[in-house]
Trainee: 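Starting off with a structure, shown below.
As a basis for the values below, the full set of heavy atoms in this structure was taken, side chains included, without hydrogen atoms, waters or symmetry mates. We count ligands from 1, going down the list as the structure has it; atoms in each ligand are counted the same way.
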Amino acid sequence: MSVKDKVAIVTGSNSGIGLGVAEELARLGARVVLNSFTDSEEDHALAERIGAEHGTDVIYISADMSDGEACRSLVEKAAEHFGHVDILVNNAGIQHVAGIDEFPVAKWDAIIAINLSSSFHTTAAALPLMRKQGWGRVVNIASAHGLTASPYKSAYVAAKHGVVGLTKVTALETAQEPITANAICPGYVMTPLVEKQIPETMEKYGMDRDTAIKEVLLDRQPSKEFATVGQIGGTVAFLCSDAAEQITGTTISVDGGWTAL
Ligand code: NAD
């Protein structure tokens with residue numbers, strides 16, 4: 001079994017890691033649903049561009065992952081369009097940094113909704129479809145922060161630990177079916193948002209680019225290299241391959257050794 005002709009939904013995929021995962025799956029011949037909460041011409045053009053580049057069907061479906069009903073309807077719309085949903089990659093996520101005592105309640109609620117509850121809703125909608133067709137892969141993009149903590153990231157760390165827990169339960173509930181559920185735990189990944197932080201960090205600490213990257217941004221990443229969105233996409237593809245058939249309910253770290261520390 002390969003991902004060719006499989007239908008994959010990637011939540012939060014008009015930028016960053018989600019976009020990288022979607023492009024890798026399209027490159028391997030999957031039919032892909034891109035998603036974010038916006039509904040612009042650029043979003044739909046992006047889907048068309050990726051589809052044309054790789055000779056496969058790629059569509060964009062707008063759905064706000066902070067809204068449980070919208071999460072479920074994303075899966076339903078994808079199934080209506082393509083006839084089935086084989087691969088679900090729960091990737092949408094946001095971040096906010098503040099101490100617990102001053103963490104804005106609205107930010108806590110949004111992070112839990114988008115980074116954790118959305119995966120519950122999309123998985124709940126996708127499992128019956130996967131069961132009916134007799135094959136399915138759920139891949140949750142957690143984080144090194146699903147396994148370790150950092151100060152000032154209470155909501156993010158709580159949500160990502162929650163994603164790892166949800167992954168394990170999904171795996172146990174599907175253990176005797178041809179469905180697997182796993183979480184990928186990236187360390188620092190090079191995305192446009194991270195790229196933007198480099199000049200900001202250089203200015204803040206008066207450092208050159210290399211020092212700002214190695215000593216500040218990659219402080220906890222022993223390899224002193226960013227992971228790439230293509231590597232996360234490749235890991236998703238591996239989890240969808242035959243070699244990964246008996247891999248379920250686990251986490252795969254792509255973190256340059258962060259969690260070995
Ligand atoms: P990003 O900001 O580039 O991408 C986030 C995506 O989620 C975007 O497409 C955005 O439009 C979408 N999104 C945000 N709110 C949404 C909503 N309400 N509904 C639908 N879509 C929404 O960030 P990224 O770095 O690519 O992060 C992607 C995932 O990877 C997140 O879950 C993040 O926690 C995780 N992650 C990132 C890193 C990293 O270093 N970049 C490391 C570990 C884990």
Side-chain angles (χ1 to χ4, degrees), residues 9-24 32-40 42-43 46-47 50 60-75 77 88-97 106-107 109-119 121-122 139-150 153 155-164 166-167 183-198 213 216-221 223 225-233 235-236 251-256 258-259:
I9 299 175
V10 186
T11 72
S13 49
N14 65 353
S15 76
I17 293 175
L19 178 56
V21 169
E23 292 209 81
E24 178 61 11
V32 181
V33 176
L34 294 185
N35 155 263
S36 184
F37 57 91
T38 50
D39 199 7
S40 67
E42 290 83 49
D43 292 325
L46 180 65
I50 298 172
Y60 179 87
I61 300 180
S62 168
D64 183 348
M65 293 295 104
S66 68
D67 171 351
E69 281 310 310
C71 294
R72 288 169 189 258
S73 113
L74 167 66
V75 176
K77 284 180 186 162
L88 171 63
V89 183
N90 287 307
N91 167 79
I94 58 167
Q95 174 68 285
H96 185 79
V97 180
K107 286 282 182 204
D109 289 345
I111 290 175
I112 298 299
I114 296 167
N115 296 25
L116 173 58
S117 304
S118 67
S119 304
H121 291 293
T122 53
V139 183
N140 295 323
I141 306 300
S143 165
H145 282 117
L147 304 168
T148 65
S150 295
K153 295 185 177 174
Y156 188 83
V157 170
K160 293 298 187 180
H161 276 68
V163 167
V164 171
L166 175 67
T167 305
I184 297 175
C185 293
Y188 236 119
V189 182
M190 179 47 81
T191 64
L193 280 188
V194 171
E195 180 63 54
K196 218 179 109 224
Q197 288 172 32
I198 297 173
I213 289 173
V216 182
L217 292 174
L218 295 177
D219 177 39
R220 294 179 71 182
Q221 201 142 306
S223 65
E225 298 277 346
F226 291 103
T228 66
V229 299
Q231 289 163 358
I232 308 299
T235 309
V236 172
T251 57
I252 296 189
S253 291
V254 185
D255 68 359
W258 178 329
T259 41

Trainee: Might you point out which heavy atoms bring Q95 and Y156 nearest each other, and give the distance in Å?
Mentor: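 Reported closest heavy-atom pair: OE1-CB, 3.1 Å.
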Trainee: Ignoring hydrogens, what is the shortest heavy-atom contact between G93 and N115? Give both atom names and the distance.
Mentor: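 So the minimum-distance heavy-atom pair works out to CA-OD1, 3.2 Å.
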Trainee: For the pair E42 (side chain) and L46 (backbone), establish whether a donor and an acceptor sit closer than 3.5 Å, ignoring hydrogens and angles.
Mentor: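 Judged by distance alone, no pair lies under 3.5 Å.
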Trainee: Does T11 use its side chain to pair, donor to acceptor, with the backbone of N91 at less than 3.5 Å?
Mentor: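 Judged by distance alone, yes, a pair lies under 3.5 Å.
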Trainee: Is it the case that the side chain of N140 and the backbone of A142 share a donor-acceptor pair, with hydrogens and angles ignored and the cut-off at 3.5 Å?
Mentor: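 Checking the backbone N and O of A142 against the side chain of N140, no donor-acceptor pair under 3.5 Å is found.
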Trainee: Using modelled atom types only, decide if a donor and an acceptor are shared between the side chain of N35 and the backbone of S62 within a distance under 3.5 Å.
Mentor: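 No; zero donor-acceptor contacts below 3.5 Å.
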Trainee: Can you tell me which residues line ligand 1 if we count any heavy atom under 4.0 angstrom from one of its atoms, in chain and number order?
Mentor: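 Those residues closer than 4.0 Å to ligand 1 by some heavy atom are G12, S13, N14, S15, G16, I17, N35, S36, F37, A63, D64, M65, S66, N91, A92, G93, I94, I114, I141, A142, S143, Y156, K160, P186, G187, Y188, V189, T191, L193.
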